[in-house]
> 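First the structure, then my questions, so here it is.
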Amino acid sequence: MIEQRFDPQQYEQRIYQRWEDGGCFRPSGDTSAQPYAIMIPPPNVTGSLHMGHALNNTLQDILVRHARMQGKNVRWQPGMDHAGIATQMVVERQLSEAGNAGRRDLGREAFVSRVWEWKEKSGGNILNQLKRLGASCDWENERFTLDEGLSKAVGKVFVDLHGEGLIYRDKRLVNWDPHFQTALSNLEVENREVAGHFWHFKYPLENGETYQFPTDFDENGEATAWETRDYISIATTRPETMLGDGAVAVHPDDSRYAPIVGKRVLLPLADRYIPIITDPYPDPEFGSGAVKITGAHDFNDYQVAKRNNLPLYMLMDEAGRMVQSLDQDSRPIMPEKYVGLDRFEARKAVVADIDALGLMIKVEDKIIQQPFGDRSNVVVEPMLTDQWYVDAETLAKPAIDAVREGRTRFTPETWEKTYFNWMENIEPWCISRQLWWGHRIPAWYGPDGHVFVALDETAAQIAAHAHYGAPTEIVQDEDVLDTWFSSALWPFSTQGWPDQTPDLKAFYPGAVLVTAFDIIFFWVARMMMMGLKFMDGQVPFHDVYIHAIVRDETGKKMSKSEGNVIDPVDLIEGIDVETLIAKRTSGLRQPQKAPAIAKDTRKRFPNGFEAYGADALRFTLAAMATKGRDINLSVDRVAGYRNFGTKLWNATRFAQMNDAVFGAEIVPDTLTRPVNRWIVGEVGACGARIDEALGDYRFNDAAEAIYHFVWDVFCDWYLELLKAVLQGDDEAQKAETRKVLGWTLDQIFKMLHPFSPFITETLWEQTASRDGFLMQQSWPVDTPAPWKDPAATSDIDWVVRLVSEIRSVRSDVNVPAGARVPVRLIGASQDTAQRVADNAGLITRLARLDDISLAQVAPNGAVRFVVDEVTVALEVADLIDRDAEINRLDKQLGKLDSEGAGLEKRLGNDAFIAKAPAEVVREQRQRLEEVQAARVKLSQARAQLAEL
RNA sequence: GGUCGAUUAGCUCAGCGGUAGAGCACUGCAUUGACAUUGCAGGGGUCACAAGUUCGAACCUUGUAUCGACCA
C-alpha cells in the first residue's frame, strides 16, 4: 500500500537519476521508427533557471516524452551557449571584485583560460536546474557552442560564406558599446525612453548675413509676420556631437530657409564654416526644421552625409572619450580643450560654452529614445569602424520562401507576420565583436593588410605564400564572432556537421522548435538562413512553436528590480516567506525599493511557497500555455494542480485497498459491466483528445483533457459507480471490475506522464512489479478511433444525468443530506426501464435513495422533475418544504418558458428555416419539443402541489 | 510614426459563427475509511463601446476607447 500522500522531495531526484542511469533519455536508435528531434534553445552558460526557461523546457519535455511513448526515435538535443558578452562580463566582474588585474593586463590567453576555468566550475548551473524540472534531454550528447566540433562548423561556415561573398568586411556606422568596447548587432541594442533634453542652438550665418524668417501664418499657411535673423536655429539631444557637424540640412520644400540654402554658417566653438544644404531627411514640422548633420555619429545623419558627400569626423574613441580629428586641410576640427573628455563631460562643456556665447535659445525637457547596450546598460554610440558583416538580405530570401511555402510553419500563425516583417527589411548582420571569449574570426592579415580567410592558420599561410610569392608573416584578426553566429548553426552543428553523420541524417530537420517570441530574430530567423544555406535547402525544423512570456500574477514582467520574481526551484522545493523576501530584496539596483517589495511579498505570500514539486509546476505551465502572448502565473493554480496529484494518488490508494489488478491486459469486447465498458471508452476518448491537442500544440487543452478525465470522470463517477459493484456479491463482476480499475489507472499513469512524470512514475513502480520504467511504455491509445461502446456510454451518461438531477433537486428543496428517500419514474420507455433494472444499485447508492421503481402516477406530495422522457418523483412527503418546492418549480418553469420562447421565435422565422443548415433546424425543433414536454409535466406537478 | 496584439464571471484565463466555460475565490450542506490538498449543491457575465454583414455574432467587417508588445 502506498503511503498517505506523495512527497515530491522524496522521489523526484531519485527517479530522475534512475531514468538517467537507465539510459531512458537516449534516442531509441530504431531506424525504422519515425525520428523526432527537438533542439533545446541553448541557455547561456551563465544562466540560471527562470520561469521562462521552466515553461520553455516543460513544453519541450511534454512533446518529447509523448513522442517517445509513441515509439518515435527521439532526440532532445541539450547544450549551452558560450554567451560571449554575458560570460566575459561575469568573469571580468569577478576579477575586479577579487582585486585582480583587469583582462587587458592579464592578456588574452590568460584571460580566456580564466573564463574556461570559470565555465568548468560555475557554468551550466542551469542544466542541473533543468534536471530538477524533469527535462529528459539526451545528456550524453550535450554540446557547447565552443566545443571543438561546433567550432569546426563555425569555421567552415565562415570560410564558405566568405568565399561566396556573403561575408565581407566593411567600414560603416555600427552600434558601439563604450563599456565593453565592442560593436553590437542591431538586435543587441535596446531603445528605451528616458528623460532627456532638447537643446536649441543658434548657428550664426557667415559674415553677419541676415534673412527674413516667418513667425506667423494665416489659415492658408501664408506668412503674415516675419523677423530678421542672422542665424539658423538647430536643436539636438546630443550637443557634444555638434563639434563634428559637417553641414546643416533643411528640407528642399521648406520655403522658410530658401533664402539661405547654399550659404554657410559658423559652427560655434569649433570655429569652422559649414554649408546649409537641402536633403529630404529633415522634417519641416519637427523642431526648427533645420538639422545639424554629424555623419560619423548618427545613423540618419550618416545617410545624409553619404548622399551629400559631407565629411565624416570621428569624435570619440572606443571608450567614448572625445578625440581630435582633422579636416581635409589637416586642421583640427575642435578646440583642444574638449579632447580627452568623456562624452557626457563634453556635453556639459559644450552646453556651457554655447550658453556663454549667447547662442543658446532654449532647453526643453523631453522624453527621448536612447539606445542602450542590452548587456552593458550604457548608452550605445554610433561609430564608424571596420567590421565583418553577413549579407543577411541574400540569405533571408530562401528563409522567407520556406515559410511562405509552409515548409516551416509558425504556431500561432500570426508570428509569421513578425518573421516576414523583419526578414523583408533585414539589415546586414554585424558579426564581429571586439571581445576575447568566442570563436576567433578565421581571417589573417598580411603586412599590407591583405586578408586571408581560411579554416586554420596553416591554410592561411599557404594562401599568403601564394599571394606574396614568398613565406610572409600574417596576423590573425583579433575579433571574435557574435555568439548568435554559432547558435545559428545549432540544428546541424550539434549533429556532427560538416561530417555526414547518422545523427545528422536522422535528426535534421527537427520536428519543432519551441521558443519565446523574443528570440525570433536573434535565433529562429538565423537558424532558418543558415540551415537552408548549408543543409541543401532543407529547413532546420518543420514547426516553430512560439510560447508566451511568463509574467507575475498581475501581469507585470518578472524582474529582479521589481522584486516580483518567482523562482521555479522555489515552487518545486518550497521557501519560507523570510527567505523569499531576503532573496527578492538583495542585490537591488535601487535598494530603497526593498521595504515595499518586502511588504508586498509578505502580503501576497504570507506563508511563502509550499514544496509543490516539479509535477505541479509543470502541469500549471502546461495548463496555462495557451496560444496567447502572456501567461500570468498564479501560485494558487500551482497549489491547485498539486492537489490534482494528491487526488490521483488517493484514487490509487483506494484502488489498492480494493485489490485492483495492475499491469493486466484487458479485452474490451469481453467486458460485461456497462460501467467498465464505459470507462474503457472514456480512456480512449481522453487519449485521443490529448493526441489531437498536442499535435496542434494546444498544451492547455491536452492538460485540461487529462485533468478533467482523472478528476471529473474517473474519480467522481467511475470510482463511485464501481463501489456498488465491489461491495456486491457477484464475484465475476468484482473480478472484472478490479481488473478494469487497475487497467484504467495504468492508462492514466501513461497519459499523465508527459505532464507530470514524477508522480506517475512513482505510482507505476509502487502499484505492481513492472517491466521497465513508465516513461518507456508505449502510448496507450490508437487514434483516431479508439475502442468505444456507444450503448454503454449512453447508459452511464443517463445514470449520471439522473443522479445529478436528483442530487440537485434534493439540495434545492432542502432534503437532509443523510435522508434516504424513494423515487418513482413515471412514463419510462422500454430503454429507461431496462437501464433502471441494470443500474438500480448504482443509482440508489449515489443519489442516496432507499428505493427506485417505475410507476404509473406520481404520488401526492412528491417533488417532481423531468429527465428525458420520464417524470421523476422524489417521495419526500415528510421532508418537503412546500414553499421551497413551489419556488423551485416556478424557477424551472421560468427557464423553460424563456428557452421555449426563444426557440419558437427562431423556428417561426422563415429565413432561419430556409437558410440555416437542416441539422441545426432539426436540433432546435427537437429541443423545443423537449422543452414543451417538460413544461407540461412540471406544470402538472405544480398544480398538484398547489392543491395540497 | 509603423507593425502586431489584448479587452469574456471578483481574480487568472479558455472559447473564436448555432442561446457562455475552467481553475481559484465566494455561499449553503456534508466529517466512522481513497482523498478536507475532500465531497455534494449553488450564486455570479447586456463577452469594452458603436455601427455593419448574417436566418443567427463573444466569435466576421469597420470605427471608437483603453491597455500592451515589437520596430523606427
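Chain A is the first sequence line, chain B the second, and so forth, proteins listed ahead of strands; every chain is numbered from 1.
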> Quick one: is Asn643(A) getting a side-chain N or O under 4.0 Å of the rC35(B) phosphate, OP1 or OP2?
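Answer is no, no contact under 4.0 Å.
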> Students often mix this up, so state it plainly: with edges at 30° and 60°, are the rings of Tyr419(A) and Phe410(A) parallel, tilted or perpendicular?
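Tilted: the ring planes of Tyr419(A) and Phe410(A) meet at 30° to 60°.
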> Do the charged groups of Glu381(A) and Arg238(A) touch, with an N to O distance under 4.0 Å?
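So Glu381(A) pairs with Arg238(A) through a salt bridge.
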> Round to a whole Å and report the spacing from CG of Leu648(A) to P of rU38(B).
14 Å
> Under 3.5 Å for both donor-acceptor distances, Watson-Crick or wobble: does rG1(B) have a partner, and if so which one?
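WC or wobble partner is rC71(B).
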> Looking only at atom C1', what distance separates rG63(B) and rC70(B), rounded to whole Å?
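After rounding to an integer number of Å, I get 25 Å for this pair.
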> Measuring to OP1 and OP2 of rA14(B), would you say a side-chain N or O of Thr626(A) lies under 4.0 angstrom away?
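Yes.
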> Tell me whether the OP1 or OP2 atom of rG5(B) has a side-chain N or O from Lys417(A) closer than 4.0 Å.
yes
> Hey, is the side chain of Ser634(A) poking within less than 4.0 Å of OP1 or OP2 on rC11(B), counting only N and O atoms?
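For rC11(B), neither OP1 nor OP2 has a side-chain N or O of Ser634(A) closer than 4.0 Å.
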> Using a strict cut-off of less than 4.0 Å between a Lys/Arg side-chain nitrogen and an Asp/Glu carboxylate oxygen, indicate whether Arg689(A) and Glu692(A) qualify as a salt bridge.
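Salt bridge flag = no for Glu692(A) with Arg689(A).
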> rU54(B) and rG21(B): how far apart are their P atoms, nearest whole angstrom?
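Taking atom P in both rU54(B) and rG21(B), they lie 28 Å apart.
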> Mind checking who rU12(B) pairs with, Watson-Crick or G-U wobble, both distances under 3.5 Å?
rA22(B)
> When you compare rG33(B) with rU7(B), how far apart are their C1' atoms, in angstrom units rounded to a whole number?
49 Å
> What is the ring orientation for Phe709(A) with Phe714(A), classed by angle as parallel under 30°, tilted 30 to 60°, or perpendicular over 60°?
tilted
> Can you tell me, in whole Å, how much space there is between the C1' of rU19(B) and that of rU46(B)?
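Nearest-Å result for rU19(B) against rU46(B) at atom C1': 14 Å.
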> For the side chain of Arg637(A), counting heavy atoms from C-beta on, which of rG23(B), rG39(B), rC55(B) is nearest?
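Nearest to the side-chain atoms of Arg637(A), counting from C-beta on, is rG23(B).
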> With nearest nucleotides of RNA chain B determined for Tyr641(A) and Met657(A) from heavy-atom distances, which residue corresponds to the more 5′ nucleotide?
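Nearer the 5' end of the strand: Tyr641(A).
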> Can you tell me the base-pairing partner of rG28(B)? Count Watson-Crick or G-U wobble geometry only, both distances below 3.5 Å, and say none if there is no partner.
rC40(B)
> Which of the following nucleotides, rA34(B), rU12(B), rU19(B), is nearest to the side chain of Asn632(A)?
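Out of rA34(B), rU12(B), rU19(B), the nucleotide with an atom closest to Asn632(A)'s side chain is rU12(B).
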> Select from Gln369(A) and Leu903(A) the residue whose nearest nucleotide in RNA chain B is closer to the 5' end of that strand.
Leu903(A)
> Would you say a side-chain N or O of Trp415(A) is under 4.0 Å from OP1 or OP2 of rA69(B)?
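Looking at the OP1 and OP2 atoms of rA69(B), neither is under 4.0 Å from any side-chain N or O of Trp415(A).
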> Quote, to the nearest angstrom, the C1' distance that separates rU8(B) from rA20(B).
8 Å
> In whole angstrom, what separates Asp659(A)'s CG from rA34(B)'s C1'?
14 Å
> Atom CZ of Arg5(A) to atom P of rA34(B): distance rounded to whole Å?
15 Å
> Any side-chain to backbone donor/acceptor pair from His251(A) onto Asp283(A)? Under 3.5 Å, distance only.
no
> Could you tell me how far rA48(B) sits from rA14(B) if I compare only their P atoms? Round to whole Å.
14 Å
> Between rC55(B) and rG17(B), how far is it from one C1' atom to the other, in whole Å?
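After rounding to an integer number of Å, I get 12 Å for this pair.
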> How many whole angstroms separate atom CG of Leu55(A) from atom P of rC13(B)?
14 Å
> Using the P atoms only, state how far rA22(B) lies from rA57(B), rounded to an integer number of Å.
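That atom pair is separated by 24 Å.
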> How close or far is atom C1' of rC70(B) from atom CZ of Phe517(A), stated in whole angstroms?
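After rounding, the gap between these two atoms is 8 Å.
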> Does Lys905(A) put a side-chain nitrogen or oxygen below 4.0 Å from OP1 or OP2 of rU19(B)?
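Lys905(A) to rU19(B) OP1/OP2: no side-chain N or O under 4.0 Å.
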> rU38(B), OP1 or OP2 - any side-chain N/O from Thr646(A) closer than 4.0 Å?
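Negative; the distance criterion is not met.
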> Mind checking who rA6(B) pairs with, Watson-Crick or G-U wobble, both distances under 3.5 Å?
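Per the H-bond distance test, rU66(B).
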> Rounded to the nearest Å, what distance is computed from the CZ atom of residue Arg848(A) to the C1' atom of nucleotide rA30(B)?
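Result: 8 Å.
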> Starting from P on rU37(B), measure out to CG on Asp615(A) and report it in whole angstrom.
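Taking atom P of rU37(B) as the reference, CG of Asp615(A) is at 19 Å.
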> Within this structure, what is the CG-to-P distance between Leu763(A) and rC35(B), rounded to whole angstrom?
16 Å
> Check the phosphate of rA36(B) against Lys647(A), side-chain N and O only, distance under 4.0 Å to OP1 or OP2. Yes or no?
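For Lys647(A), the contact criterion (side-chain N or O under 4.0 Å from OP1 or OP2 of rA36(B)) is not met.
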> List the steps and the verdict of side chain to side chain contact (heavy atoms under 4.5 Å, CB included) for Asp615(A) and Phe755(A).
CA-CA 7 Å; Asp615(A) 289 332; Phe755(A) 305 88; over 6 Å; no
> From C-beta outward on Asn421(A), which listed nucleotide comes closest to its side chain: rU12(B), rA34(B), rU3(B)?
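Selected nucleotide: rU3(B).
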> In terms of ring plane angle, is the pair Tyr707(A) and Phe619(A) parallel, tilted or perpendicular, where the classes change at 30° and 60°?
tilted
